[in-house]
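Every chain is numbered from 1, with letters handed out A, B, ... down the list of sequences.
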Amino acid sequence: MNETLLNELNEGQRAAVEYCDGPQLVIAGAGSGKTRVLTYKIAYLLERGMNPWNILALTFTNKAAREMKERIGRLVGQERAQRLQMGTFHSVFARILRSEAENIGFNSNFTIYDQSDSRSLVKNIIKEMGLDDKTYKPASVADRISMAKNHLLLPQQYAVSSWAKGDADAKRPMVTHIYNRYAERCRQANAMDFDDLLVHTFVLLRDHEDIRQKYVERFQYVLVDEYQDTNFAQQEIVLLLTRERGHVCVVGDDAQSIYSFRGANIDNILNFQKMYDGSKLYKLEQNYRSTQLIVQAANSLIRKNERQIHKDVFSKNEEGERLTLKPAYSDKEEAMIVCNDIKRLRRQEQAEYSDFAILYRTNAQSRSFEEQMRKDGIPYRIYGGLSFYQRKEIKDVIAYFRLVANPDDEEALRRIINYPARGIGDTTIGKIVETANLHRVSLWTVIQQPMVFDLKLAKGTQTKIDAFKSMIEGWAAEMANEDAYVLGHSIIMQSGISKDIYSSNNPEDLSRQENLEEFLGGMQDFVESRREEGREDEVLLTDFLQEVALLTDLDSDTDADQPKVSLMTIHAAKGLEFPTVFVVGLEENIFPSPMCINTMRELEEERRLLYVAITRAEKHCILTCAQNRFRYGRMEFDTPSRFIKDFDPRLLRVEGGKADIVGKQSSSFGSSGSFGSPARSGISGYSGGMRRNVQNPRPVATQFVADAKPRLVPIRHEAPRPQSAIGNIGLQEGNVIEHQRFGIGTVIKVEGSGENTKATVEFKNAGIKQLLLKFAKYTIVK
DNA sequence: CACGTCACTGTTTTT
DNA sequence: CAGTGACGTG
């Protein structure tokens with residue numbers, strides 16, 4: 001088995017897979033089979049006898065983890081693969097923090113604040129402190145706090161650090177106090193933000209040697225994917241887990257480090273070898289993805305960067321064609337050019353719509369393409385942007401859930417205490433907040449015992465609050481008995497949300513109704529899936545919330561519909577590949593982003609971003625730029641991006657004879673490669689809760705079915721199972737089934753008997769699943 | 001306290 | 001052009 005496995009790798013990959021005795025850095029050029037090395041390495045470790053639960057693999061997205069698990073499962077069997085410890089830093093450590101919560105003064109039901117919760121809390125604090133929100137812009141302050149946490153600077157340390165000095169110089173001396181208050185408020189609310197998941201993990205492991213030992217013991221081998229995009233906190237956590245044994249393998253490509261705005265530090269990968277004594281470096285340089293000319297063009301671009309680990313990425317695929325730059329007069333024309341190319345290539349090369357991706361720097365750029373594609377009848381799917389879970393009606397519902405699970409959750413409480421309107425207004429909330437702050441307790445504590453905290457309210461108001469309080473308490477009491485779907489349904493009905501949303505039929509409300517039903521359907525799926533997987537005891541509202549908090553819509557990708565053109569930001573395209581890639585909006589003021597042109601470091605990151613975009617392409621890579629663009633509600637003039645001159649002009653064809661756009665050789669600040677350059681610093685699991693149509697933030701014309709009278713999905717009290725009870729008799733290997741949600745799949749294995757019969761099924765689109773037949777809803781096709 | 005209107009402002013990427 | 005906040009009215 002070992003041999004077969006290794007034979008499918010090239011020499012460099014194989015060497016990287018086989019070395020397991022010490023710290024290891026794998027620099028994997030774009031398209032060089034990075035994921036392949038990781039999956040085979042894990043399979044190799046398993047084959048050598050390591051237990052799957054002793055292997056920790058940290059990925060950048062949940063989706064990547066899921067896919068990798070799946071691929072490993074094909075190599076070594078699904079049962080073993082399922083027991084691997086695999087996920088994002090955030091999801092893996094959130095789980096650990098829940099089980100260790102008491103050790104750091106939290107309750108295991110803690111809420112995870114998303115970015116908008118954080119910002120809103122920061123904003124409230126700024127207001128309460130009487131600071132001017134022009135000097136203290138909530139978003140920037142929140143970002144700064146986030147950045148501090150990524151560097152493991154706790155409030156006390158922050159206060160005496162160079163950061164606080166910097167704030168003082170910038171006439172914002174109070175940031176440190178805001179940070180301090182923010183941390184206290186999170187604690188009172190039994191809440192952690194995304195960054196806290198890392199900070200608290202670090203503190204937990206640092207301050208509790210016994211606990212650290214426990215996890216060192218558990219995670220005998222640690223692998224980190226996309227290491228170039230880890231931040232200081234993540235680096236330190238990995239170090240705490242691996243420093244003795246040194247069984248750590250990090251994989252990444254410094255040329256693809258594009259998340260510094262999130263605290264990612266390219267030095268992590270550049271300095272890995274200094275951090276771990278005796279570490280070995282492996283380089284993967286053969287690109288299997290793209291044609292030669294695409295690889296060469298990408299190389300010519302990235303050469304202009306100063307800070308990088310040298311490598312020679314090459315391709316032995318066909319030579320292919322040069323990059324093409326297609327200048328347009330306007331953003332509108334840009335969209336037309338792209339759509340026409342899609343139609344043309346589809347005809348010429350019998351390509352599917354799913355073979356195309358349109359990549360842009362900012363989400364806002366998707367608009368003109370959407371419009372054009374709708375006009376042309378081209379099916380498309382937008383990734384990212386305003387996700388399903390960020391929509392108002394969904395966030396409202398989730399806020400109720402959150403409050404029921406964790407009544408101390410301040411942001412959830414503020415959000416819904418008066419939604420739907422129940423006569424508890426700003427004045428009242430202000431009083432509650434004031435009292436809570438005075439006594440350093442949560443808002444809920446005050447509401448529960450108004451006398452104790454001397455909260456004075458009008459009688460009428462007090463009655464309303466009491467009603468609200470008992471409503472929440474009522475649900476909380478049911479939380480352990482009812483599954484998430486049943487409880488969620490009654491919350492939506494009883495809270496008045498459904499009444500509010502279903503009271504009118506204007507188009508906006510109609511779409512809110514659909515979203516709500518979608519969401520409820522997703523909860524139902526969640527509960528049923530877990531039952532089918534034999535996890536009957538993990539179907540509660542708290543389980544659902546934990547799932548949902550860290551889910552992004554990139555994760556819910558399983559819809560098997562027709563092929564569609566993909567539209568997304570370049571950041572979201574990391575790790576993906578497409579036969580044809582359009583990189584659009586190559587203009588100054590967009591790409592590089594005007595926010596990122598002040599330092600060499602920033603500019604180099606923008607250039608890496610373009611590098612990432614280009615290297616997503618397998619066969620065709622087409623760049624576009626527009627001369628005029630509709631922005632801020634007016635037409636604006638743009639010039640072509642400076643990066644265009646960075647390409648070797650022999651590798652870039654400009655359409656329409658505007659050859660002057662490309663450079664003869666490197667020029668100007670930022671594109672200086674070997675010439676004198678300006679001063680620089682240094683050297684320089686469950687597969688997707690919402691499985692349906694959770695995408696496009698703006699309605700897509702085609703998909704709105706005229707459902708005469710949309711109404712809340714009627715509740716089912718007892719999961720009906722006759723269908724499957726009949727169905728599973730005689731189900732055996734090789735059968736093809738059609739599952740209610742997963743679609744068509746082939747039965748690979750049937751085990752157990754009677755009540756507990758379990759089948760392993762490989763679905764065409766949903767991957768491999770284990771189903772408890774008692775609950776599964778399917779019919780046998782063959 | 002709720003709701004409507006008006007003016008302003010700010011625009012990057014996301015676990 | 002949106003999304004937000006301030007302000008006034010019912």
Side-chain angles (χ1 to χ4, degrees), chain A residues 58-65 87-94 112-116 118-120 123 127 133-134 137-140 142-143 146-147 149-150 192-198 201 225-226 229-231 233-234 257-264 359-368 383-387 389-390 392 417-430 457-458 460-461 464 549-555 568-574 585 589-597 602 605-606 608-610 612-613 629-636 697-698:
Chain A
L58 297 164
T59 57
F60 196 72
T61 62
N62 292 309
K63 187 183 168 205
T88 61
F89 274 88
H90 299 267
S91 65
V92 167
F93 294 125
I112 297 175
Y113 277 175
D114 67 16
Q115 191 188 25
S116 74
S118 306
R119 285 191 175 174
S120 131
K123 191 174 178 180
K127 226 184 233 161
D133 64 359
K134 296 281 185 298
K137 289 187 185 142
S140 347
D143 282 351
S146 162
M147 212 47 117
K149 290 184 186 181
N150 289 153
M192 298 188 192
D193 64 23
F194 283 134
D195 308 303
D196 286 334
L197 296 175
L198 304 178
T201 300
D225 193 11
E226 308 282 12
D229 284 320
T230 54
N231 58 39
Q234 292 169 322
S257 169
I258 55 174
Y259 275 92
S260 70
F261 68 91
R262 216 171 78 186
L359 307 183
Y360 34 77
R361 177 70 238 272
T362 67
N363 280 305
Q365 287 168 260
S366 68
R367 244 198 123 113
S368 54
Y383 292 79
L386 185 63
S387 92
Y389 302 100
Q390 287 164 356
K392 205 179 271 153
I417 192 166
N418 199 32
Y419 172 79
R422 48 175 74 87
I424 305 173
D426 291 343
T427 331
T428 309
I429 297 169
L457 295 173
T461 314
K464 290 169 190 161
L550 294 169
L551 210 62
T552 61
D553 58 22
L554 204 62
D555 293 325
M568 64 186 100
T569 63
I570 300 167
H571 284 91
K574 184 162 94 155
N589 285 325
I590 292 191
F591 199 179
S593 158
M595 314 286 164
C596 307
I597 52 173
E602 289 171 327
E605 175 148 323
E606 292 286 300
R608 288 194 294 270
L609 195 54
L610 181 54
V612 169
R629 187 172 286 276
F630 205 62
R631 275 156 89 205
Y632 327 127
R634 46 177 32 218
M635 214 42 144
E636 297 215 333
R698 289 167 279 268

Which residue lies more 5' along DNA chain B, comparing A:Ala139 with A:Arg422 via nearest heavy atoms:
A:Arg422
Side-chain atoms of A:Thr362 come closest, of B:dC1, B:dT12, B:dT14, to B:dT12
Is the distance from OP1 or OP2 of B:dT13 to the nearest side-chain N or O of A:Ser260 less than 4.0 Å?
no
Output the single nucleotide from B:dT15, B:dT14, B:dT12 whose closest atom is nearest the side chain of A:Ser593.
B:dT12
Minimum-distance pair of heavy atoms, taken over all atoms of A:Phe630 and A:Met635:
N-SD, 3.7 Å
Checking contacts here: which listed nucleotide (B:dT15, B:dC1, B:dA2) is nearest the side-chain heavy atoms of A:Ala421?
B:dA2
Between C1' on B:dT15 and CG on A:Asp193, what's the gap in Å once rounded to a whole number?
11 Å
Is A:Phe261 stacked on the base of B:dT13 when the test is centres under 5.5 angstrom and planes under 30 degrees?
yes
Nearest-angstrom distance from the residue atom OH of A:Tyr419 to C1' of B:dC3:
15 Å
So A:Thr428, base contact, sugar-phosphate only, or nothing? Heavy-atom distance under 4.0 Å.
sugar-phosphate
Kindly say whether A:Asp114 contributes a backbone atom to a donor-acceptor pair with the side chain of A:Ser118 at under 3.5 angstrom?
yes
Counting only N and O atoms by type, is there a donor-acceptor contact under 3.5 Å from the side chain of A:Asn418 to the main-chain atoms of A:Gly423?
yes
Would you say A:Arg361's side chain and A:Ile570's backbone share a donor-acceptor pair under 3.5 angstrom?
no
Quick check against the 3.5 Å criterion: does A:Thr201 have a side-chain atom that pairs as donor or acceptor with the backbone of A:Leu197?
yes
A:Asp426 CG - C:dA6 C1' separation (whole Å)
12 Å
Is there a side-chain contact between A:Asn363 and the phosphate of B:dT14, meaning an N or O under 4.0 Å from OP1 or OP2?
yes
Minimum-distance nucleotide to A:Phe630 side chain [options: B:dT15, C:dC1, B:dT13]:
C:dC1
Just by distance, do the side chain of A:Gln234 and the backbone of A:Phe89 share a donor-acceptor pair under 3.5 Å?
no
Could you state the atom-to-atom distance from CZ of A:Phe591 to P of B:dT12 in whole Å?
15 Å
Do side-chain atoms of A:His571 reach the backbone of A:Ile258 as a donor and acceptor pair under 3.5 angstrom?
yes
Would you tell me if any nitrogen or oxygen in the side chain of A:Thr569 comes within less than 4.0 Å of OP1 or OP2 on B:dT12?
no
Within the structure shown, what part of the strands sits under 4.0 Å from A:Phe60 by heavy-atom distance: base, sugar-phosphate, or nothing?
sugar-phosphate
Could you check how far CD of A:Gln390 sits from P of B:dT15, rounded to whole Å?
9 Å
Closest heavy-atom pair and its distance - A:Thr88, A:Thr61
CG2-C, 3.4 Å
Interatomic distance, A:Asp143 CG vs B:dT15 P [rounded to whole Å]
15 Å
Less than 4.0 angstrom between a side-chain N/O of A:Arg629 and OP1 or OP2 of B:dT11, yes or no?
no
Side-chain N,O (A:Asn418) to OP1/OP2 (B:dA2) below 4.0 Å:
yes
Which atom pairs link the protein and nucleotides 5-10 of chain B when you take only N or O atoms and keep those under 3.5 Å?
none

Over how many whole Å does the gap from A:Lys63 atom NZ to B:dT15 atom P extend?
12 Å
Mapping A:Gly423 and A:Glu605 onto DNA chain B by nearest heavy atom, which one lands closer to the 5' end?
A:Gly423
From NZ of A:Lys392 over to P of C:dT4, roughly how many Å is that when rounded to an integer?
7 Å
